[in-house]
Amino acid sequence: AAWHDFMHELKQSGHGFGVRVVDVRVQGDYAADMITAGINELIRRNDVDVIVLIRGGGSRTELAVFDSESIAVAIASAGVPVFTGLGHEIDRSIADEVAHTAFKTPTACAVALIERVSRFAEQAETAWLSIESRTERLLERASTGLLDTARRIEQRTVGAVERAEQRLLDRSHRAATLATRAIGRADDSLDRSTVGLGRRPLQFATQQLANLDQVEARVRLLDPVHTMARGWSLSRHADGRIVRNSAELGPGDELVTTFVDGVIRSTVESTSATETTIETVP
C-alpha cells in the first residue's frame with residue numbers, strides 16, 4: 001500500500017520521474033541485511049539522484065528494523081541524499097535521524113519530491129524566461145547598434161561619395177580651364193607662327209630678288225657684247241668652237257670672228273709663236 005501510494009503521487013504530478021526499484025523485506029530476520037544491500041546497490045548506480053526508503057505503517061516491533069546500525073551506516077555513507085518515509089507520523093527511527101530528510105509517511109515523501117522537482121522546474125522556467133528576456137534585450141540592443149552602425153556607415157559613405165564627386169567636379173573644372181588656356185596659348189602661338197610664315201616668304205622673295213639683281217649685274221659684266229664694245233672680238237672655228245690660243249690653228253683653217261658691229265670670215269695662211277697671218281674673206 002505504501003508503494004502504491006508513493007507511485008500514485010509521482011504519476012499524478014506530471015513530472016517525468018525515472019524510478020529504479022529495489023524490492024526488499026522490511027521486517028523479519030533478513031530485513032536489515034536486504035535493506036542495507038539495497039541501499040548500497042543504489043549507491044553504486046550513476047543514474048540515481050535521490051534514494052527513498054519507505055514503508056507503510058506497522059507496530060513498533062515491526063519498525064524496529066530501521067534502527068539497525070548497518071542501515072544507518074549505509075544511509076550516512078550514501079553519496080546522494082536519502083529520504084525516508086517510514087510508518088506513520090508518530091513513528092521515528094534511527095534511519096530517520098541519519099537520513100537527509102525524514103518524512104512522516106511515504107505519501108509525504110512523494111509530495112516532498114514532487115515539490116522539489118516543481119520548484120526546480122519553476123526555477124528552470126524562470127531562468128529560461130530570464131535568459132530569453134535578456135537575450136531579447138541583447139538582440140534588441142545589438143540590432144539597434146547594428147542599425148546605428150549601418151546608418152553611420154551609410155552617412156559616411158554618402159559623405160565620402162559626395163566629397164569624391166565634388167573633388168572630381170573641381171578637377172574637371174580645373175582640367176577644362178587648363179585645357180581652354182592651353183588651347184588659347186596654342187591659338188596665339190599659331191597666329192604668331194602664321195604671321196611669321198606670311199612675312200618670311202616676302203622676306204625670302206625680296207632677298208632672292210636682290211640676289212638675282214646681283215647675278216644679273218655680274219652676267220651683264222661678263223656678257224661678251226659689253227667686252228667687245230670696249231674693242232675686243234671673239235673668234236670661233238668654222239664648227240663654232242671658240243679659239244682659245246694660236247696653237248689650235250693651222251694654215252687653211254677657217255675662222256669666224258665676231259665684233260660688236262658685225263662678223264667676218266677669214267682663212268689662216270700661217271702661224272707662229274708670236275704672229276699669225278690671216279687672210280680675211282669679206
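Please read all numbers here as calculations on a predicted model, not as lab measurements. Because only heavy atoms are used, hydrogens play no part in the values below, and waters and symmetry mates are left out as well, while side chains stay in. The residues of the chain are indexed from 1 along the displayed sequence.
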Practice task
Decide yes or no on side-chain contact (heavy atoms from CB on, under 4.5 Å) for Val24 and Ile35, but give the supporting numbers first.
Solution key: CA-CA 6 Å; Val24 298; Ile35 293 172; 3.9 Å; yes

Is the closest side-chain heavy-atom distance between [X] and [Y] below 4.5 Å?
| X | Y | value |
| --- | --- | --- |
| Phe6 | Thr107 | no |
| Phe83 | Ile54 | no |
| Thr101 | Arg116 | yes |
| Val65 | Tyr30 | no |
| Glu9 | Ile114 | yes |
| Leu255 | Thr267 | no |
| Val98 | Ile75 | yes |
| Arg134 | Arg137 | yes |

May I ask you to decide if [Y]'s main-chain N or O and [X]'s side chain share a donor-acceptor pair within less than 3.5 Å?
| X | Y | value |
| --- | --- | --- |
| Asp67 | Ile94 | yes |
| Arg236 | Arg241 | no |
| Asn40 | Thr36 | yes |
| Ser130 | Thr126 | no |
| Thr135 | Ile131 | yes |
| Asp5 | Ala2 | no |
| Ser133 | Leu129 | no |
| Thr84 | Leu86 | no |

Practice task
Could you tell me how the ring of His15 sits relative to the ring of Phe17: parallel (under 30°), tilted (30 to 60°) or perpendicular (over 60°)?
Solution key: perpendicular

Distance check, rounded to the nearest 0.5 Å: [X] atom [atom1] versus [Y] atom [atom2]?
| X | Y | atom1 | atom2 | result |
| --- | --- | --- | --- | --- |
| Asp170 | Ser172 | CG | OG | 8.5 Å |
| Arg152 | Thr157 | CZ | OG1 | 12.0 Å |
| Ile153 | Gln155 | CD1 | CD | 10.5 Å |
| Leu249 | Ser270 | CG | OG | 11.0 Å |
| Gln27 | Met34 | CD | CE | 12.0 Å |
| Gln123 | Ser118 | CD | OG | 11.0 Å |

Count the heavy atoms of every other residue, nucleotide or ligand shown that sit under 6.0 Å from [atom1] of [X], and state whether that count exceeds 12.
| X | atom1 | result |
| --- | --- | --- |
| Glu140 | CD | no |
| Glu69 | CD | no |
| Asp239 | CG | yes |

State plainly whether one hydrophobic cluster holds both [X] and [Y], where clusters connect Ile, Leu, Val, Met, Phe, Trp and Tyr through side-chain heavy atoms under 4.5 angstrom apart.
| X | Y | answer |
| --- | --- | --- |
| Val111 | Leu113 | no |
| Leu10 | Phe103 | yes |
| Leu138 | Leu146 | no |
| Val26 | Val73 | no |
| Met7 | Val21 | yes |

Handout entry: Modelled atom types, side-chain donor and acceptor of Ser233 and Thr257, under 3.5 Å
Key =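 Absent: no donor and acceptor within the cut-off.
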
Problem - Hydrophobic cluster (4.5 angstrom, side-chain heavy atoms) - remaining members for Val256 - result: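 Under the 4.5 Å side-chain rule, Val256 groups with Val263.
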
Exercise for the section: Go through the steps for Arg265 and Glu254 under the test side-chain contact (heavy atoms from CB on, under 4.5 Å), then give the verdict. Expected result: CA-CA 7 Å; Arg265 294 180 180 275; Glu254 184 177 356; 3.4 Å; yes

Practice task
Please collect all salt bridge (charged side-chain N to carboxylate O under 4.0 Å, His left out) contacts where either partner lies in residues 28-40, sequence neighbours excluded, each pair once.
Solution key: none

Exercise for the section: Let me see the working for Arg141 and Thr144 under side chain to side chain donor-acceptor pair (under 3.5 Å), right down to the final yes or no. Expected result: CA-CA 5 Å; Arg141 287 199 296 268; Thr144 302; over 6 Å; no

Considering all heavy atoms of both residues, which atom of [X] and which atom of [Y] are nearest to each other, and what is their separation?
| X | Y | result |
| --- | --- | --- |
| Ala102 | Arg92 | CB-NH1, 3.5 Å |
| Val52 | Cys109 | CG1-SG, 3.4 Å |
| Gly85 | Pro106 | O-CG, 3.4 Å |
| Arg20 | Leu42 | O-CD2, 4.2 Å |

Problem - Counterpart residues, side chain to side chain contact (heavy atoms under 4.5 Å, CB included), relative to Leu169 (two or more places apart) - result: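 For Leu169, the residues satisfying side chain to side chain contact (heavy atoms under 4.5 Å, CB included) (neighbours in sequence not counted) are Gln166, His173.
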
